[in-house]
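Below you'll find the structure, written out as structure tokens, and then a few comments.
Throughout, residue positions are numbered sequentially from 1 according to the sequence presented. Here the structure is a predicted model, which is why all the values come from computation and not from measurement.
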Amino acid sequence: QVQLVESGGGSVQAGGSLRLSCVVSGSTSESRTMAWFRQAPGKEREGVAGVDKDGDAAYTDSVKGRVTISKDTAKNTLYLQMQSLKPEDSGKYFCAAGGASFLPPTYLLAPSTYNYWGQGTQVTVSS
């Protein structure tokens, strides 16, 4: 079992920055691969960024160059640093964890890769 608790969401103006955090507890073997997803009202959940156990990351095209996913294993925390935020970045952001290893990059952004999900943290970007 893995427990995920997100924090760091909020309301910012376009062009601003936010850092989301996800504290991970429980089985390390079931949290080798981790990711951030987001979901806007009326839209499907979208993979934003994912990272495997070796630190290799994948990003959805719309956030490349603006977003960085990172892990602090000593603190058992996953981060998502977001800069130059746009209104279309708004949504509820979810942390996800899965036990798979050595996945192709596209699988890092697929919801089916992950077995555990946090409750989410809201990000609102105003224009």
Side-chain angles (χ1 to χ4, degrees):
Q1 290 289 321
V2 175
Q3 295 77 43
L4 306 169
V5 179
E6 305 99 332
S7 63
S11 297
V12 296
Q13 290 192 328
S17 301
L18 281 174
R19 187 177 78 160
L20 307 183
S21 300
C22 173
V23 176
V24 185
S25 59
S27 171
T28 54
S29 66
E30 294 185 86
S31 55
R32 294 190 184 100
T33 297
M34 299 201 66
W36 288 96
F37 287 76
R38 67 186 177 194
Q39 189 166 21
K43 294 189 176 181
E44 292 187 357
R45 192 167 293 192
E46 172 192 29
V48 177
V51 61
D52 66 15
K53 71 179 188 64
D54 295 323
D56 294 325
Y59 298 90
T60 193
D61 287 345
S62 64
V63 305
K64 286 179 180 177
R66 301 189 295 117
V67 165
T68 304
I69 188 170
S70 61
K71 296 186 293 185
D72 186 331
T73 54
K75 295 182 178 180
N76 293 322
T77 302
L78 179 74
Y79 299 102
L80 188 70
Q81 179 68 49
M82 303 188 290
Q83 304 174 85
S84 302
L85 284 162
K86 304 176 181 180
E88 51 264 42
D89 294 318
S90 297
K92 196 164 190 179
Y93 281 68
F94 299 88
C95 176
S101 302
F102 308 111
L103 294 172
T106 52
Y107 281 81
L108 294 178
L109 302 181
S112 59
T113 296
Y114 302 95
N115 300 316
Y116 300 97
W117 296 83
Q119 293 299 307
T121 185
Q122 182 68 36
V123 172
T124 303
V125 184
S126 58
S127 59

Answer yes or no: is there an ion pair linking Asp61 with Lys64, defined by an N-O contact shorter than 4.0 Å?
yes
Joint hydrophobic cluster, Ile69 plus Val24, side-chain heavy atoms closer than 4.5 Å
yes
Contacts of type salt bridge (charged side-chain N to carboxylate O under 4.0 Å, His left out), residue Glu46, not counting sequence neighbours:
Arg38
Grouping I, L, V, M, F, W and Y whenever their side-chain heavy atoms are under 4.5 Å apart, do Val125 and Phe37 come out in a common cluster?
no
What's the shortest heavy-atom distance between Val2 and Ala97, and which atoms?
CG1-CB, 4.2 Å
Are Met82 and Trp36 connected in the hydrophobic side-chain network, where two residues link if heavy atoms are under 4.5 Å apart?
yes
How long is the span from the CD atom in Gln3 to the SG atom in Cys22, to the nearest 0.5 Å?
11.0 Å
What one should report as the nearest heavy-atom pair of Gly99 and Arg32 is O-NH1, 2.7 Å
In terms of hydrophobic clusters joined by side-chain contacts under 4.5 Å, are Val67 and Phe94 together?
no
So, the side chain of Arg66 versus the backbone of Ser84: is there a donor-acceptor pair under 3.5 Å, distance only?
yes
Report whether Leu4 and Leu108 are members of the same hydrophobic cluster (ILVMFWY, side-chain heavy atoms less than 4.5 Å apart, transitive linking).
no
Closest non-hydrogen atom pair, Gly9 against Val123:
CA-CG2, 4.2 Å
Is there a donor-acceptor pair under 3.5 Å between the side chain of Asp52 and the backbone N or O of Asp54?
yes
Residues forming a side-chain hydrogen bond (donor to acceptor under 3.5 Å, both in side chains) with Gln39, sequence neighbours excluded:
Arg45
From Lys71 NZ over to Asn76 CG, what is the distance, rounded to the nearest 0.5 angstrom?
11.0 Å
Residues Pro105 and Ala58: closest non-hydrogen pair is O-CB, 3.5 Å
For Cys95 and Glu6, work out which heavy atoms get closest and say how close.
N-OE2, 2.8 Å
So how far is it from Leu78 CG to Ser70 OG, rounded to the nearest 0.5 Å?
7.0 Å
Less than 3.5 Å apart, any donor N or O on the side chain of Thr68 or Gln81 sitting next to an acceptor on the other?
no
The complete set of side chain to side chain donor-acceptor pair (under 3.5 Å) pairs with one or both residues in residues 106-127, sequence neighbours excluded, reads Glu30-Tyr116
Euclidean distance, Ser17 OG relative to Leu85 CG, rounded to 0.5 Å:
6.0 Å
Closest non-hydrogen atom pair, Ser27 against Ser31:
O-OG, 3.1 Å
